[in-house]
Structure formats: C-alpha cells, structure tokens
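Submitted below is the structure of interest, expressed as structure tokens.
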Protein chains: 2
Amino acid sequence: MLRAIDHAGIAVTDLEAAVAFYRDVLGMALVHRETLPEQGVRAALLDVGESHVELLEPLDADGGVARFLARRGPGLHHLAYRVDDIDAVLASLSAAGTRLIDAAPRAGIRGSRVAFLHPSATAGVLTELVAPADHH
Amino acid sequence: MLRAIDHAGIAVTDLEAAVAFYRDVLGMALVHRETLPEQGVRAALLDVGESHVELLEPLDADGGVARFLARRGPGLHHLAYRVDDIDAVLASLSAAGTRLIDAAPRAGIRGSRVAFLHPSATAGVLTELVAPADHH
C-alpha cells in the first residue's frame, strides 16, 4: 500500500540556513524549491536515497507550520509516504475507520496529489500520503 | 554520504496498539522487535520501501523517550539516515563544526552502529546515523 517514505517534513525558522546545512554539510542534493501559499510555506526538497527531506519555512504567522514553530520550535513536523493510487489508499483507510484530515486528495508540492491523516490515528504523527506527478 | 532515510523514530505510549495500526492498517511488515535497556525502550521495526518505521515505548519514566512523551506526547521523535562508513561521516561532520551527541559510534538496534547529532545542528531534528550490521 505504501511504497516508501516520500519525505520527512521539517519546520524551520530560517530556510536558507537549513538548506545550507542539509545540502553542504550533510551532502543532500537540493532538487526543488516552491512557495505554497495555501499551506503558508516556502519549501525546499533535498534528495536522500529514494526519499526527500522537505524543509518548510512559514510565509506568515497564520499557517499550521507557523503555529507548530510557535508552540514547539523547529523540528520534525510530518512524515509522508509515497503511494501509487491515493484514492484507493484513502478509501481503504476510511473503510478501516482511520481518522483523516483530507477525505479527498488536494494539490501538493511539485504537482503531486496529497492527503493528510489525523495524528490521533497514527500515534501522534501528522502523516501525509503523496502520489507524485507522473514525471517524478 | 547519506544513503537513505534508515528510519523515522516514533515515540508511543502503547507499542502493541501502534504496531497494530502500522502493520494491519497501513500494511507495513513487522520485521523486528527488541528491548534496548540502555536506551530505556522497547522497539518494533516495520518495513516501508528501503526505510523503516521504528516504534518506541519507554520501559520506565527515566529515558529520553519517556521524557519526550511527558513533554510532548506521542509523535515523531527522531530521524535516522543510513551510512556505510559511520566513522568517516562522523569525522567529516566534526571537521565541519557540527555539534554531535556521540563523538564515536555505539551499539544500536539489530546489531547496528549508531551515533546521534545534536538537534541544534539540524534545525531542531534529533538526527541519528545508522551503519547497519552486515546482514541487514
């Protein structure tokens, strides 16, 4: 059902400082940058094996990542799994009684379709499903 | 330098309930269980792609995972990267001025050698390096 860890999402206060560490010190390739206004973040994706690290800096004080930073400080924000058929996975989880944030997929980074599971279902982990765009 | 996300470590209050969800609902294969007294946890590893989810339940109220749970509740605890030559990676990070928790590797789960980086170096993420045992 889940093919891989697609990415670990990390909330940061200074995107450029975080990119510099993950790219230059840990040696991950920086492969994508995107501003996601509807999620209130600027994001950077770095490659590690078949997965990514997704660094997220808030655009303002209003979004979920901004609230996370205000409450907990920088750190691990969510964990995302790669799936092929996101509609089928959501239907299966829903049938199993899993509490979802998104009953249907919405637009994610780099042309993907994504949906979030509620942390109450997953031992406290904000969990994302990602169906990548065909060319990724 | 880093080959893959080796695992995401998740702090839980009820290991069997968490195993049941990740195995039976998310469909991950349960591949290993181990009690790690020196880290104060019972652990379960589940496969997802080339990575694992590592579920961690405290043995008592004293260890780092127990303190994390008391402060934050269940959720993402650390992120681990797989490396080949952990001594070389630690030497490289140390030369770059990266703050380490473990200057030298110590014994980890399933016969691995592991070392932790300090969260202050990594945008708040408790970060582990894992050199798997030869047979994993």
Side-chain angles (χ1 to χ4, degrees), chain A residues 1-15 17-22 24-28 46-53 55-57 68-69 71-83 89 92-93 95-98 117 119-127 129, chain B residues 1-15 17-22 24-28 46-53 55-57 68-69 71-83 89 92-93 95-98 117 119-127 129:
Chain A
M1 189 156 79
L2 309 179
R3 280 205 287 133
I5 292 181
D6 187 82
H7 64 265
I10 299 173
V12 307
T13 52
D14 181 338
L15 186 62
V19 165
F21 178 77
Y22 281 85
D24 302 336
V25 179
L26 292 185
M28 298 180 189
L46 299 105
D47 267 353
V48 54
E50 67 184 9
S51 307
H52 303 106
V53 164
L55 302 173
L56 301 166
E57 182 194 281
F68 177 94
L69 281 169
R71 198 169 64 243
R72 296 193 163 194
L76 282 169
H77 177 262
H78 67 272
L79 188 61
Y81 300 105
R82 195 172 303 143
V83 300
V89 173
S92 160
L93 292 176
T98 304
L117 282 56
S120 65
T122 57
V125 179
L126 179 59
T127 298
L129 305 174
Chain B
M1 187 154 82
L2 308 179
R3 282 206 285 135
I5 292 180
D6 186 82
H7 64 267
I10 299 173
V12 306
T13 53
D14 182 338
L15 186 63
V19 164
F21 178 78
Y22 280 85
D24 301 337
V25 180
L26 292 186
M28 297 179 190
L46 299 104
D47 267 352
V48 54
E50 67 184 9
S51 308
H52 304 105
V53 163
L55 302 173
L56 301 166
E57 182 192 283
F68 177 94
L69 281 169
R71 198 170 63 242
R72 298 194 162 193
L76 283 169
H77 177 263
H78 67 272
L79 188 60
Y81 300 105
R82 195 173 303 143
V83 299
V89 173
S92 160
L93 292 175
T98 304
L117 283 56
S120 65
T122 58
V125 179
L126 179 59
T127 298
L129 305 173

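Note that the structure is a prediction, hence the values are computed from the model and not measured. So you know, we letter chains A, B, ... as the sequences are listed, proteins then strands, and number each from 1.
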If every non-hydrogen atom of B/Ala18 is compared with every non-hydrogen atom of B/Val12, which pair is closest and at what distance?
->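 Looks like CB-CG1, 3.9 Å.
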The interface call for B/Arg72 against chain A, heavy-atom contacts under 4.5 Å, is both
Bottom line for B/Val53: the part with an atom under 4.5 Å from chain A's heavy atoms is side chain
dist B/Tyr22:OH -> A/Leu2:CG (nearest 0.5 Å) comes out at 10.0 Å
B/Glu50 and B/Arg82 have their tightest heavy-atom pair at O-NH2, 2.6 Å
Sequence-distant partners of B/Asp24, side chain to side chain donor-acceptor pair (under 3.5 Å), two or more places apart:
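Here no residue qualifies.
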The interface call for B/Ala96 against chain A, heavy-atom contacts under 4.5 Å, is side chain
Can you name the side chain to side chain donor-acceptor pair (under 3.5 Å) partners of B/His78, sequence neighbours left out?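 Once residues adjacent in sequence are excluded, the partners of B/His78 under the side chain to side chain donor-acceptor pair (under 3.5 Å) criterion are B/His7, B/Glu54, B/Glu128.
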**Message:** For the interface with chain B, which of A/Asp47, A/Ile10, A/Leu93, A/Thr122 has the highest count of heavy-atom pairs at distances below 4.5 Å?
**Reply:**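 It is A/Thr122.
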Given B/Ser51, B/Gly27, B/Gly97, B/Ser92, the one with more heavy-atom pairs under 4.5 angstrom with chain A than any other is B/Ser51
Bottom line for B/Val25: the part with an atom under 4.5 Å from chain A's heavy atoms is both
In Å, rounded to the nearest 0.5 Å, how long is the span from CG of A/Leu56 to CZ of A/Phe68?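 Between A/Leu56 CG and A/Phe68 CZ, I get 10.0 Å after rounding to 0.5 Å.
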Contact class of B/Ala11 relative to chain A, heavy atoms under 4.5 angstrom: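 The backbone, not the side chain.
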